[in-house]
Every structure is written in C-alpha cells, then in structure tokens.
Amino acid sequence: MNQERTAVIVGGGIIGMSIGWQLARRGHAVTLMERGEIGCESSCLAAGMLAADAEVGFEELELYRLSRESLERWPAFARELESESGLDVDYRSEGTLSVADDRDSAVALRRVYDFQREQGINVDWLTGLEALDMEPFLSPRITAAVFAKSDHQVDSRKVMSALKIAFEKAGGNLFEQTKVVSIEPDPTHPGVTTEAGDKVMGNVVVLAAGAWSKGIDGIDSVLRPPVRPIKGQILELKVEPPFALSYVVRGPNAYLAPKSDARVIVGATAEEMGFDKRVTAGGIYKVLQGAWEIVPGIYELPMIEARAGLRPGSMDNEPLIGWSQAPGVYYATGHYRHGIVQTPVTAEEAAIEMDTADESVWLAPFRPGRFTSSDLKA
Ligand code: GLY
C-alpha cells in the first residue's frame with residue numbers, strides 16, 4: 001500500500017535508526033544519512049538504563065508517562081529487534097537501586113520516594129542493611145535505598161548493532177560518513193543536500209540529528225529545533241571477580257550500570273560546554289568519586305575507556321517529536337537524558353503519524369511548535 005512512500009532520515013542515532021526501521025517495516029522506502037558511523041555519538045555511549053521509575057522528576061509527569069509507556073514497549077521492541085537481527089541486546093530486568101550515603105541524601109531520597117508513591121510508582125523503601133543484603137558491593141555507608149523493580153536496561157551499543165541489521169533487512173538504505181548540510185522543506189517533496197552535493201528527495205524528511213539538529217542549514221532559523229549539546233563524560237570498567245554488581249545503582253553523584261559481558265558503565269557528568277567532547281581529568285574524577293562513594297569495590301577494577309558525548313537538550317529538556325512548521329519535515333530530537341528509554345514510543349508513534357493521518361496521544365505534549373517565537377529568539 002505504501003510502496004511509493006519515501007522517507008529521508010537525517011541522523012543515525014538510536015532515534016533515527018529506530019524510526020527508519022519502523023518506517024521500512026511499514027513499507028516505506030527509507031534512506032538514512034549519518035555524518036559518522038551509526039550510534040557513534042551519544043547513543044553508543046549511553047549506559048542503556050530504562051529507568052523511567054527511578055528517574056521520574058518533580059513537575060515532569062508528562063515526560064514520565066512517555067518514558068513509562070516506552071518502557072512497557074521495550075520488551076517487545078527488544079524481542080523483535082533480536083529476532084530480526086539475530087543479535088542479543090542484553091536486555092536485563094533486575095531493577096534500579098537508588099541509594100543515599102549521608103543524612104542529606106537520605107532526606108532527598110525520601111522526598112523522591114514519597115513523590116513516586118503518590119504517583120502510584122512501584123518502588124520500595126529499604127534500610128541500608130536491606131540494600132546491602134541485595135547488593136553486597138554497596139558501601140556500608142549506605143543509609144537508605146529505593147528499589148525501582150520495574151526499571152530495566154539494555155546494552156545500547158548492542159542495540160545499535162542490531163538496529164543496523166534490522167533496518168537493512170527491512171529494506172532501508174543506510175549511508176554512513178554522509179553529512180547532510182541542508183534540508184529543503186516542501187509540503188510534498190522535501191529533500192536534503194549532502195556535503196558532496198548530492199540531493200535526495202522524499203515524501204518526508206525526518207530530522208533526528210541529536211545535538212546537531214539545529215545546525216543544519218535550509219530551515220528558517222526560528223523554525224529549527226531549539227536543541228543544544230549537553231556534555232556527558234562516562235567510563236567503562238572491567239568487572240573482575242570477586243567484584244560483582246547485579247542492579248543498576250544510582251547515587252547522589254553517579255550511576256553504575258552492570259552489563260552481562262563483564263563491564264560496568266559509570267556515568268555521567270552533565271555539562272553545558274557547547275560542542276566540546278574532550279574527556280577531562282576533572283569530569284572523570286567527579287564521576288569516579290561519585291561511584292566510589294557508593295560502590296567502593298570499583299577501586300580495583302581495570303579501566304577500559306573514558307569518553308564524552310553530547311546529549312540533545314531542548315529549551316525545556318523534553319523531546320521535540322512531530323511535524324515541524326517547515327513543510328514536509330518531521331522532528332524527532334531533544335531527548336536529552338531519556339533517549340534510550342523513550343526510543344520505542346518515539347519510533348513506533350512517529351512512524352504511525354508519518355504513515356497515517358492519526359495523531360499520537362503519547363506524542364501530543366512534545367510537539368516542536370510548543371515554544372513561542374519570542375522563546376526562540378531569546
Ligand atoms: N540517562 C543517563 C544520562 O544521560 O547520563
């Protein structure tokens with residue numbers, strides 16, 4: 001039915017690749033262009049936490065509902081991805097332990113816990129001893145913890161490898177090392193121009209270029225997605241026995257996400273540094289200190305690597321998903337700290353919106369047009 005429909009996707013992070021996969025499965029001819037390698041920016045660096053419950057923020061209930069709905073969809077999304085790609089994405093469902101290690105952090109954790117319970121979120125309050133019983137490598141200084149048992153996690157690097165295979169198997173055309181320098185809006189035949197001067201047209205252009213989404217020419221400057229880079233420094237340690245960690249552990253200043261291939265990912269800073277991706281001694285020191293305070297056994301672990309990536313943050317730090325005011329151009333960007341968890345709902349609902357006349361109730365609060373022109377000029 002949709003054989004004649006063509007989509008051009010700008011950006012090969014988890015959001016662009018997942019939308020491409022969903023559109024290709026719906027019969028669209030999809031061309032996806034990525035300036036580097038797919039997932040090479042923030043997607044592959046992400047710790048892969050699907051932590052909708054642990055990460056709920058005060059005054060962010062619509063964002064919570066989006067993350068929660070997406071988390072509900074993750075098991076089926078991962079199963080389909082694994083079956084279509086033949087790759088394992090290390091889906092883990094142990095849950096998240098948020099811990100406090102002093103009086104102030106215990107008071108703050110209790111406030112979050114009370115808020116979570118008011119919202120009907122399935123969390124348990126644990127004493128320090130109960131938390132240590134569950135996760136013996138926690139610091140004995142832990143005084144309290146909240147267990148979010150419905151939170152899950154994936155290995156985002158493995159997800160990206162699986163998406164590449166699934167996307168191409170569904171008929172998608174992937175062009176890596178292909179930088180889009182401008183987008184030409186048009187109600188029926190929008191297109192893009194690459195750095196090499198090639199023009200590619202479609203029925204829709206999807207702008208999913210993460211922190212780089214605002215910098216692509218062609219769209220009027222006030223209509224571009226108001227997205228900025230927010231630097232995150234993150235590192236990987238090699239797990240060596242007797243050290244072991246079963247749960248994602250979050251403390252006041254760092255988180256640790258254990259993976260099934262003997263790695264633990266430790267993150268992350270959130271820095272307003274523009275497009276600076278340098279790994280700094282101070283950034284890594286802060287992350288390691290925050291992690292060591294809650295799980296001191298990491299001190300002995302070999303370090304695999306430290307990297308920095310740029311999360312796309314919008315003006316209200318919530319995503320921009322839907323038709324933009326640039327004709328024929330659909331935005332899917334600005335997911336900030338929640339890109340991995342929000343992938344299934346973003347990709348599936350965006351594909352439905354581009355494929356049909358339906359408007360997604362899930363995406364309605366996150367439309368690109370929610371900022372006024374004076375917000376955008378400020
Ligand atoms: N979602 C974790 C982070 O952005 O650091």
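Ligands are counted one by one from 1 in listed order, and the atoms in each one are counted from 1 as well.
Scored by the ring-ring contact (aromatic ring centres under 6.0 Å, His included) test, Tyr255 finds no partners at all (sequence neighbours excluded).
A perpendicular orientation is assigned to the rings of Trp21 and Phe77, their planes being inclined by more than 60° (bins at 30° and 60°).
In the model, Tyr330 has a side-chain atom that pairs as donor or acceptor with a side-chain atom of Glu353 under 3.5 Å. A donor-acceptor contact closer than 3.5 angstrom is absent between the side chains of Glu41 and Trp212.
For Ser70 (side chain) and Leu66 (main-chain N/O), no donor-acceptor pair under 3.5 Å exists by modelled atom type.
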Checklist entry - Under the side chain to side chain contact (heavy atoms under 4.5 Å, CB included) criterion, do Arg311 and Arg337 qualify, and how do the steps go? => result CA-CA 7 Å; Arg311 310 173 183 92; Arg337 302 194 81 138; 3.4 Å; yes
Note down each nitrogen or oxygen pair, ligand 1 side and protein side, whose separation is under 3.5 Å; give only atom names and the distance to 0.1 Å.
residue	atom	partner	partner atom	Å
ligand 1	1 (N)	Arg337	O	2.8
ligand 1	4 (O)	Arg311	NE	2.7
ligand 1	4 (O)	Arg311	NH2	3.4
ligand 1	4 (O)	Arg337	NE	3.2
ligand 1	5 (O)	Tyr255	OH	2.7
ligand 1	5 (O)	Arg311	NH2	2.8
ligand 1	5 (O)	Arg337	NH2	2.9

